[in-house]
Amino acid sequence: MPDADEVDDAEEMPLSLRLSIADTLTLGNATCGFMAVYFTTTGILIPHLTGSQETGMARHSAATAVILMLCAAVFDLFDGLVARKLRSSPMGAELDNLSDLISFGLAPAYFVLVYGMVADDAHQRVAAVGAIVVLLAVVLRLARFSCVTVKDGTFQGMPSPFGALTVVSIVLLELPFVATLMAILGTAWLMVSRVEYPKPRGPLAVAMLSWIVAAMGLLAAWAFDAPGGQLLLQTGCALQLVLGAVIPLFATARRVNNFRDNRREARAAQLP
């Protein structure tokens, strides 16, 4: 008979396989991303392929898919906070990247692909190319995040949750196809760019969470065809696009000012 200590050692789970609270939140992120793909398929794509004229169901499913992506962003926000306050398992970083790939890479790219299939003025193959660009941009952005060290408090390139919500907002605005495609490609470029974005900590994290809750309310009003819901949705989506465009401008202006200040200091140091 084996000793009791040997049995306990055999039954003890390896440290690398234990899930922490932060890891559980990360898995919630992945689940929301997968369910967003599910609702996009069953509520938008399949009714379109079967010739259903029920626009309300498509609107509800689109809103549900986007709300699930917003919930994934909430999970992504809190798993980092919890990991810093408590602890994360050795596989926490890998889980986070894989979950982000599902929720902020696959889900918005699939949303763009289905948009290209159901929209009246869209071109399916061109939209498929745009969807692939979004997916690859998120893949490259997450891979670079794991390999490149940047200064504390900033991200290099648009964070993938922010990029995913911007891509979805562009689609929901129902702009002409060419304008929609160009805006999507621009967002994909920002995700792999060197533009610095502040990390959501402290007041910024509270502001981000408040914005997500407000966006959920706008989507719910639009989904249930509330009075003014369409206008509220378009206003919220437009605000998301403005934020996506203004932050890089402020970051670029700050870098230019810092460069000028450094040159001025260097010239002053060279003077006798």
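Between H60 and F39, the ring centre distance reaches or exceeds 6.0 Å.
The side-chain heavy atoms of V138 and D100, taken from C-beta on, include no pair separated by under 4.5 Å. You'll find the side chain of M69 reaches within 4.5 Å of the side chain of V168, heavy atoms only. By the 4.5 Å heavy-atom criterion applied to side chains, M182 and V178 are counted as neighbours. Using a 4.5 Å heavy-atom threshold, the side chains of M191 and P159 count as separate. Between Y110 and L45 there is a side-chain heavy-atom pair separated by less than 4.5 Å. For the pair F75/T26, no side-chain contact is recorded, criterion being any heavy-atom separation below 4.5 Å from C-beta on. Taking the side chain as every heavy atom from C-beta outward, F111 and V37 never approach each other to under 4.5 Å.
Atom CG of residue L70 and atom SG of residue C32 lie 10.0 Å apart, to the nearest 0.5 angstrom. With rounding to the nearest 0.5 Å, the separation of OG1 in T187 from CD1 in I170 is 3.5 Å. In this structure, the separation between CD on Q124 and CG on L113 is 7.0 Å, given to the nearest 0.5 Å. The CG atom of L232 sits 11.0 Å away from the CG atom of L219 when rounded to the nearest 0.5 Å. The CG atom of D76 sits 6.5 Å away from the OG atom of S160 when rounded to the nearest 0.5 Å.
Judged purely by atom type and a 3.5 angstrom limit, R144 uses its side chain to pair as donor or acceptor with the backbone of V192. R141 places a side-chain N or O within donor-acceptor distance of the main-chain N or O of M158, the cut-off being under 3.5 Å.
Minimum interatomic distance between G244 and L190 (heavy atoms only, all atoms of both residues): O-CD1, 3.8 Å. The two residues L135 and G105 make their nearest non-hydrogen contact at CD1-C, 3.7 Å.
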CA sep, side-chain torsions, deciding dist, call: F104, L142, side chain to side chain contact (heavy atoms under 4.5 Å, CB included): CA-CA 10 Å; F104 311 126; L142 294 174; over 6 Å; no
Steps toward side chain to side chain donor-acceptor pair (under 3.5 Å) verdict (W211, Q240): CA-CA 10 Å; W211 162 245; Q240 177 71 25; 3.0 Å; yes
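Heavy atoms of other residues, nucleotides or ligands lying less than 6.0 angstrom from CD of Q230 number more than 12. Within a 6.0 Å radius of CZ in F34, other residues, nucleotides and ligands contribute 12 heavy atoms or fewer.
Of the N and O atoms on the side chains of D79 and N29, not one donor lies less than 3.5 Å from an acceptor on the other residue.
Hydrophobic clustering places V171 together with L181 (ILVMFWY residues linked when any side-chain heavy atoms are closer than 4.5 Å, directly or through intermediates).
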